[in-house]
Amino acid sequence: MDKGARTLDGIRVLVVEDDDDTREVLTLGLTLYGAEVVAVCCAADAITELAKRQPDVIVSDIGLPDEDGFELIRRVRKLPPSRGGRVPAVAVTAFTLSDDAEEATRAGFQRHFRKPVDSQALFAAVASVAERGRIERRHEARRMAVARRLSATEERRTDSERRTVA
């Protein structure tokens with residue numbers, strides 16, 4: 001790995017992969033590129049981890065033992081943004097059906113990769129979707145701040161009007 005390759009510095013990644021070897025390889029690779037990685041083996045553990053700490057990106061296998069990655073990401077997308085509902089996600093799969101990428105997008109993934117995964121392309125995608133997610137969170141925070149200011153202004157105006165009438 002060259003010095004310029006640490007493109008994932010500080011990015012928190014939740015890896016959801018049931019195969020021990022693949023989970024270990026993904027965790028090692030992402031960590032070497034600077035990511036902070038939490039790796040779990042099933043969808044239920046992924047939901048538990050989301051409740052503890054929101055990652056910047058989820059990298060999930062599609063073929064999971066308890067529920068597939070499509071169902072996992074659908075459950076995640078139903079969560080409110082403050083609980084991880086908008087966390088960007090990347091699907092990885094050994095399935096090779098022609099419509100896998102389309103189904104992954106419909107389910108809520110931003111990117112889709114077939115195994116064996118080109119690690120350089122996967123890590124670049126993780127960096128890209130993480131950055132888009134951060135931009136979206138900043139915009140959302142600004143929208144919320146503006147809404148709070150407008151609400152406070154309206155509340156002061158209403159209080160002032162009540163005092164004028166009284």
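Keep in mind that the numbers below use all heavy atoms, side chains included, and drop hydrogens, waters and symmetry copies. Just so it is clear, the model here is predicted, and its values are computed rather than measured.
- Checked options Val129, Val37, Asp56; the residue passing with Ile11 is Asp56 (criterion: side-chain contact (heavy atoms from CB on, under 4.5 Å)).
- Using a 4.5 Å heavy-atom threshold, the side chains of Thr22 and Val92 count as separate.
- The side chain to side chain contact (heavy atoms under 4.5 Å, CB included) check on Leu28 picks up Leu32, with sequence neighbours excluded.
- Side-chain contact check for Leu50 versus Pro55: some heavy-atom pair is nearer than 4.5 Å.
- Side chains of Val13 and Leu8 form no contact here, defined as non-hydrogen atoms less than 4.5 Å apart.
- The closest side-chain heavy-atom distance from Ile73 to Ser60 is not below 4.5 Å.
- None of Glu49, Arg53, Gln54 except one satisfies the side-chain contact (heavy atoms from CB on, under 4.5 Å) rule with Leu14; the exception is Glu49.
- With respect to the salt-bridge test (charged N to carboxylate O, under 4.0 angstrom), the residues Arg23 and Asp61 do not qualify.
- Considering all non-hydrogen atoms of both residues, Ala121 and Phe113 come closest at O-CZ, 3.6 Å.
- At a threshold of 4.5 Å between non-hydrogen side-chain atoms, the residues Leu30 and Leu122 do not count as touching.
- Remark: Arg83 pairs with no residue by the salt bridge (Lys or Arg N to Asp or Glu O under 4.0 Å) rule, at least two apart or across chains.
- Considering only residues two or more places apart in sequence or on other chains, Phe123 meets the ring pair (Phe, Tyr, Trp, His ring centres under 6.0 Å) condition with Tyr33.
- For Ala44, the side chain to side chain contact (heavy atoms under 4.5 Å, CB included) partners two or more places apart in sequence, or in a different chain, are Cys42, Asp66.
- At a threshold of 4.5 Å between non-hydrogen side-chain atoms, the residues Lys78 and Arg75 do not count as touching.
- Residue pairs that meet the salt bridge (Lys or Arg N to Asp or Glu O under 4.0 Å) test with at least one member in residues 116-128, sequence neighbours left out, do not exist here.
- With sequence neighbours left out, Arg111 forms a salt bridge (Lys or Arg N to Asp or Glu O under 4.0 Å) with no residue at all.
- Contact record, Cys41 with Leu64: O-CD2, 4.3 Å, taken as the closest heavy-atom pair.
- A donor-acceptor pair under 3.5 Å links the side-chain atoms of Arg77 to the main chain of Gly85, judged by distance alone.
- Distance check, rounded to the nearest 0.5 Å: CD1 of Ile62 to CZ of Phe109 gives 4.0 Å.
- Of the inter-residue distances, the one linking Glu103 atom CD with Asp68 atom CG reads 7.5 Å to the nearest 0.5 angstrom.
- The environment of Glu71 atom CD is dense: over 12 non-hydrogen atoms of other residues, nucleotides or ligands sit within 6.0 angstrom.
- The OG1 atom of Thr105 lies 8.5 Å from the NE2 atom of His112; values are rounded to the nearest 0.5 Å.
- In plain terms, the two heavy atoms of Pro65 and Asp18 that are nearest each other are CD-CB, 3.5 Å.
- Atoms CZ and OG1, on Arg114 and Thr93 in that order, are 8.5 Å from each other to the nearest 0.5 Å.
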Assess whether side-chain contact (heavy atoms from CB on, under 4.5 Å) is satisfied between Leu72 and Ile47, documenting all intermediate values.
-> CA-CA 8 Å; Leu72 167 62; Ile47 295 296; 3.8 Å; yes
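- Connection of Val25 to Val59 is not established within any shared hydrophobic cluster, with ILVMFWY side chains joined at heavy-atom distances below 4.5 Å, either directly or through further cluster members.
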